[in-house]
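Let me begin by presenting the structure, written as structure tokens, before commenting on it.
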There are 2 protein chains.
Amino acid sequence: MENKLPTIKEIAKRLNVSVSTVSRALSDHPRIGLRTKTRVQELAKELNYEPNSQAIFFKQKKTYVIGVILPYIREEFFSEAIRGIETLALEHDYTILLGQSFDDFEREKKVLDAFKKQRVDGVIISLSKQTNEYTHFESLEKYEIPIVYFDRVPPFKQVHKVYCDLRKGTIEMVNWLFNKGHRRIAFINGPDKIHASKERLDGYIDGISGKKIKVDMQLVERTDLTKESTHKAMENLFKTKNPPNAVITFNDYVHLDAVQYAKQHHIKINKEVLFISYANLPVTSYVAHPPMASLEQYPFRQGEKSMEILMELIKAKNEKRTLKAWFDEKIPATLITTRS
Amino acid sequence: MENKLPTIKEIAKRLNVSVSTVSRALSDHPRIGLRTKTRVQELAKELNYEPNSQAIFFKQKKTYVIGVILPYIREEFFSEAIRGIETLALEHDYTILLGQSFDDFEREKKVLDAFKKQRVDGVIISLSKQTNEYTHFESLEKYEIPIVYFDRVPPFKQVHKVYCDLRKGTIEMVNWLFNKGHRRIAFINGPDKIHASKERLDGYIDGISGKKIKVDMQLVERTDLTKESTHKAMENLFKTKNPPNAVITFNDYVHLDAVQYAKQHHIKINKEVLFISYANLPVTSYVAHPPMASLEQYPFRQGEKSMEILMELIKAKNEKRTLKAWFDEKIPATLITTRS
DNA sequence: ACTGCTTGCGCAAACGAGTGCGCAATTTGG
DNA sequence: CCAAATTGCGCACTCGTTTGCGCAAGCAGT
């Protein structure tokens, strides 16, 4: 029956006052008389009036929506990050638009475009592994939509970003293996395009060099994070006469695929070769051969921090302040060795 | 410099025509002369004009946004469902607002409220395990926001829903175990409040009864899906003199916890007792003791189907058609036994 | 030349709310 | 008792876009 949603206009008509009076009465404006105020407020309650936020957002040029783009939410790392983002978002009365790039560059652009159309107040993004060109982000500037990159960040300075210090973390990993007596430490890395791959490799090389042993690039493989590519990398590493006795994998998913290969080829896990990894996903506690150590990257905290920075940027924009510098937040990563 | 975004007004002023002419020229209205049309379109391109969708949505009373609420995206079942939803959404130029309830009733309400404020065009939801009261959904009716429930659906008829036929599926599971010679089949179920628990239990009872053996309710446990609660259930089942030789668990996560308990208590998995489960998550292919069979529930398809129905509902609403009936989509579940 | 049709465009209202300003009516102060 | 200050409320504009209607000019038909 009551098909139309109650509006301020409706209330005004029924009470024979002007819309402005109703608007002010509802926002408790001091210049409105007590009688009118209560009359308005009571009718509003009776009609179950709720302001049309779309209209308000439209006037204010704000949407209270932020866009989050990441490769795959099925990866626990990213779903944890979202949890961090969402938790903080709810506190700030923000809701989040979700878009997965599925590691596809074109899709990343499409999602970004959709978000732009929706006039999101800000964007938090973890780049697709294909992304090595960044012009599509420039159009957001025109709309003054702030962007915070996290985890998979672009390789240049002039952006706001949150990520783990993987160089340091990787050195820690090398040290840990070294102290356990390992000397032939292999490294299965991710795609070059991802900045995080470079960070890891730098750490690996620095870690090995720090031990005064020669870096053997035969022990370094690069994958595109697919199972096939990981198996290929394992094959390369273990077909040699002098195979590694420890393997560092790009993340826990790569670890799982590497271990799968090892099992299929009867390589004795934790005897012939020790696996350690990045990410420390909860799910690995259930698997047959969890990594013996894992570099925790605190996705929840990364998500929270990204959101925190984004809120700061949005606030600054609203107050027309210009920020002096780029946020560059390094979250310390820690090596976790206790496994259930 | 060019701080303001170009608007239709701006173009009108520069070209000394009216805004309506510009609007029509851009939408290729037949009553606008070719000269004016091209003049407008060229300037629009030059200024990089893009229509303000917020304004248009506001007028149209549409947002091209749908809200998706589910318990946890970290569960692969749900993240797969989202993938289904998102895939279809992008095709229809829709974007999705994401909200996790974390299986908390209050949070579910809060998220729903936020979505209402955002004036989403529709909602797809999988209920929290605490939800057994449904009044908060009624307020969406007032806003004529259609809702599609999926997987965890309410127990009554007058809603649109998508879910698997778990009764049939569970009978299939019982049959499978029976054919393998198992007679003492335990059942670790989820919370009563979830409709899916009831469906499973019905199937279990019907399956057992169909075999002309007596249903032993000592073999049926109920959990709240936490690890502790699963371990407790396992304890109850295995402390008896006549423990089960097969266990059906509510889903793969419960399976993992059940297997963990079995390992800790030196129960020989796959020898003394066989585990089978629901969901068939990809991640289980990496674990030490995957379920020997799993009832695939096709989350991607469920997501797609939900979105399909929602699109239908939104279309019907726009055309002011009233639908004759409630969508009640049963996706057939199938028992998968091939494991890597 | 008058009617009628087509072409090309502008006026103004509409969506739902916020807000600066002005105008009365009332109250206060001297 | 009159001026000034205060109180209470409405007018009209704004946000960016769409759209029904109307008006004028041009053209064809009779």
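So that the names make sense, note that chain A is the first sequence line, chain B the second, and so on, each numbered from 1.
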(request) Choose from D:dT18, D:dG16, C:dA17 the nucleotide whose nearest atom is closest to any side-chain atom of A:I8. (result) C:dA17

(message) What's the closest nucleotide to the side chain of B:K9 if the choices are D:dC15, C:dA17, D:dG16?
(response) D:dC15

(message) If the threshold is 4.0 Å, N to carboxylate O, is there a salt bridge linking A:E308 and A:K305?
(response) yes

(request) Determine, for A:K317 against A:E144, whether the closest basic-nitrogen to carboxylate-oxygen distance falls under 4.0 angstrom. (result) no

(request) Using heavy atoms and a sub-4.0 Å distance, could you list which residues of residues 18-34 of chain B are near DNA chain D? By number, please. (result) B:S20, B:S23, B:R24

(request) Give, for atom CD of B:Q100 and atom CD1 of A:I96, the distance between the pair rounded to the nearest 0.5 Å. (result) 7.5 Å

In whole Å, I'd like the distance from the [atom1] atom of [X] to the [atom2] atom of [N].
X      : N      : atom1 : atom2 : answer
B:Q54  : D:dT18 : CD    : C1'   : 16 Å
B:N52  : C:dG16 : CG    : C1'   : 15 Å
A:R119 : D:dC15 : CZ    : P     : 15 Å
B:Q60  : D:dT18 : CD    : P     : 8 Å
B:I56  : D:dG16 : CD1   : P     : 12 Å
A:F58  : D:dT17 : CZ    : P     : 8 Å
B:N16  : C:dC9  : CG    : C1'   : 13 Å
B:K62  : C:dC15 : NZ    : P     : 19 Å

(message) Checking A:R39 now: which residues fulfil salt bridge (charged side-chain N to carboxylate O under 4.0 Å, His left out) with it, not counting sequence neighbours?
(response) none

(request) Tell whether B:K59 reaches the base of C:dA14 with its side chain through a donor-acceptor pair below 3.5 angstrom. (result) yes

(request) Determine the contact category for A:F57: base if any of its heavy atoms lies under 4.0 Å from a base atom, sugar-phosphate if only primed atoms, P, OP1 or OP2 are that close, otherwise nothing. (result) nothing

(request) Quick one: sort the A:F57 and A:Y64 rings into parallel, tilted or perpendicular, breaks at 30° and 60°. (result) tilted

(request) Could you walk me through whether B:E50 and A:Y143 pass the side chain to side chain donor-acceptor pair (under 3.5 Å) test, one step at a time? (result) CA-CA 11 Å; B:E50 289 179 60; A:Y143 287 80; 3.1 Å; yes

(message) Pick the closest DNA chain C nucleotide for B:K37 and for B:K61 by heavy atoms, then say which residue is nearer the 5' end.
(response) B:K37

(request) Select from A:P51 and B:R35 the residue whose nearest nucleotide in DNA chain C is closer to the 5' end of that strand. (result) B:R35

(message) Roughly what angle, to 10°, lies between the helix axis at the start of the helix from C:dA1-D:dT30 to C:dG30-D:dC1 and the one at its end, five pairs per end?
(response) 60°

(request) With B:Y134 as reference, evaluate B:F156, B:Y149, B:F105 under the ring pair (Phe, Tyr, Trp, His ring centres under 6.0 Å) test and give the passing residue. (result) B:F156

(request) Mark yes or no for whether B:H160, through its side chain, and B:F327, through its backbone, hold a donor-acceptor pair below 3.5 Å. (result) yes

(request) Could you check A:E86 against B:R107 for salt bridge (Lys or Arg N to Asp or Glu O under 4.0 Å), going step by step and ending with a plain yes or no? (result) CA-CA 12 Å; A:E86 203 185 336; B:R107 209 182 147 103; 3.4 Å; yes

